[in-house]
Protein chains: 2
Amino acid sequence: MKISQFAKQAGVSVETVRYYHREGLLAVPENSGSYRQYTNVHINKIAFIQKAKLAGFTLDEIKQLERLDASRDKDEIRRISEDKMQLLETKIAELVMAQTFLSELVLACKKSDNEPCPILTELRDT
Amino acid sequence: MKISQFAKQAGVSVETVRYYHREGLLAVPENSGSYRQYTNVHINKIAFIQKAKLAGFTLDEIKQLERLDASRDKDEIRRISEDKMQLLETKIAELVMAQTFLSELVLACKKSDNEPCPILTELRDT
DNA sequence: GTTGACTACGTACCTAGGTACGTAGTTTAC
DNA sequence: GTAAACTACGTACCTAGGTACGTAGTCAAC
């Protein structure tokens with residue numbers, strides 16, 4: 001299939017497909033005539049990229065995972081995955097703290113009557 | 001005090017101070033002689049910005065909060081804060097899903113013996 | 001045989017929050 | 001009185017993951 005049908009099936013934009021080509025994430029398919037012919041191989045590859053993104057990997061890391069897969073370097077794949085989990089852990093903790101902080105402020109704001117909003121005074125003074 | 005001492009006390013870089021000036025987040029202090037004189041007012045303002053960042057607000061939103069504070073618009077401040085909490089909620093849920101997914105994969109990888117690493121095969125097939 | 005849709009390619013632009021650099025003026029130390 | 005350090009200002013650059021646009025080629029339909 002040609003690029004626009006492929007992009008539609010893969011659930012990304014044509015520009016994104018080209019971007020992945022440029023970044024070396026997605027092999028450029030052979031031409032059939034003047035245009036590139038995309039196949040299920042490419043669909044699967046895009047699906048893999050999307051899933052790895054959902055798992056928190058960056059595009060660079062996804063490229064790296066592919067290389068390690070090719071070289072069957074299981075230990076390194078696991079190391080990278082564990083690092084990523086640690087990073088997710090940290091980010092989650094940060095966001096939870098922000099959320100807790102903010103929810104306390106909003107609660108205080110609801111309780112306050114005609115005083116100035118505690119959200120800003122707390123941010124200023126705590 | 002002059003900008004470099006101020007930046008040090010505020011815990012940001014000189015470039016960041018200037019950036020905040022450019023973005024209209026931090027008022028440019030009066031000159032004393034040829035150079036700007038920073039005071040505790042500016043220190044407090046930077047501290048406020050840092051805390052609001054920790055609470056998950058973007059610099060644009062922090063500017064907006066200041067304006068609403070000046071106009072004493074408590075309802076709008078609370079609305080923005082609740083929106084932000086919702087956004088934090090969503091982001092946290094996404095990260096937790098990524099983390100859960102990844103931890104299952106790493107666990108499967110540890111259990112596997114001489115098979116190919118399940119992390120990549122799962123990403124490919126699930 | 002020309003219009004419209006599609007493709008390929010290259011380059012610029014976008015957000016967010018800065019960072020870095022070059023130039024020119026000023027102040028401080030010796 | 002001059003060299004080092006500091007300041008002000010403007011502009012360019014950075015990451016990440018794309019998006020948008022301009023040009024030129026190609027293909028199918030009418």
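So that the names make sense, note that chain A is the first sequence line, chain B the second, and so on, each numbered from 1.
- In this structure, A:His21 atom NE2 and C:dG10 atom P are separated by 13 Å, rounded to whole Å.
- Judged by distance alone, the side chain of A:Lys84 and the main-chain N or O of A:Ala55 form no donor-acceptor pair under 3.5 Å.
- Relative to the side chain of A:Lys2, the nucleotides C:dT7, D:dG17, D:dC6 differ in distance, and C:dT7 lies closest.
- Contact annotation: A:Lys53 reaches the phosphate of D:dG18 (side-chain N/O to OP1 or OP2, under 4.0 Å).
- Applying the 4.0 Å criterion to OP1 and OP2 of C:dT27, one finds that B:Ser34 has a side-chain N or O inside that range.
- Taking 4.0 angstrom as the limit, B:Ser13 places none of its side-chain polar atoms (N or O) nearer than this to OP1 or OP2 of C:dG18.
- Per the geometry, CD belonging to A:Glu23 stands 10 Å off P belonging to D:dA16, to the nearest Å.
- Below 30°, between 30° and 60°, or above 60°: for A:His21 and A:Tyr38 the angle between ring planes is below 30°, a parallel geometry.
- Between the P atom of C:dA16 and the CD atom of B:Gln64 lies a distance of 13 Å, rounded to the nearest Å.
- Phosphate proximity of C:dA16 to B:Lys63: absent, as no side-chain N or O sits under 4.0 Å from OP1 or OP2.
- A close approach under 4.0 Å does occur between a side-chain nitrogen or oxygen of B:Tyr20 and OP1 or OP2 of C:dG18.
- In this structure, the CD atom of B:Glu15 is 13 Å from the P atom of C:dG22, given to the nearest Å.
- On a pure distance criterion of 3.5 Å, no polar donor-acceptor pair joins the side chain of B:Arg18 and the base of D:dT11.
- Here the nucleotide nearest the side chain of A:Leu59, chosen from D:dG18, D:dT7, C:dA8, is D:dG18.
- For the 3.5 Å distance criterion, the side chains of A:Gln37 and A:Glu30 fail to qualify, holding no donor opposite an acceptor.
- By the 4.0 Å N-to-carboxylate-O rule, B:Glu82 lies close enough to A:Lys110 to be salt-bridged with it.
- Per the geometry, CD belonging to A:Glu30 stands 18 Å off P belonging to C:dT7, to the nearest Å.
- Between the P atom of C:dG25 and the CD1 atom of B:Ile3 lies a distance of 19 Å, rounded to the nearest Å.
- To the nearest angstrom, P of D:dG17 lies 14 Å from CZ of A:Arg22.
- A salt bridge is defined here as a Lys NZ or Arg NE, NH1 or NH2 lying under 4.0 Å from an Asp or Glu carboxylate O, and B:Asp75 with B:Arg79 fails to meet this definition.
- For C:dT26, the base has a donor-acceptor partner in the side chain of B:Tyr35 [N/O atoms by modelled type, under 3.5 angstrom].
- Atom-to-atom, CG of B:Asn31 to P of C:dT27 comes out at 10 Å; the value is rounded to the nearest Å.
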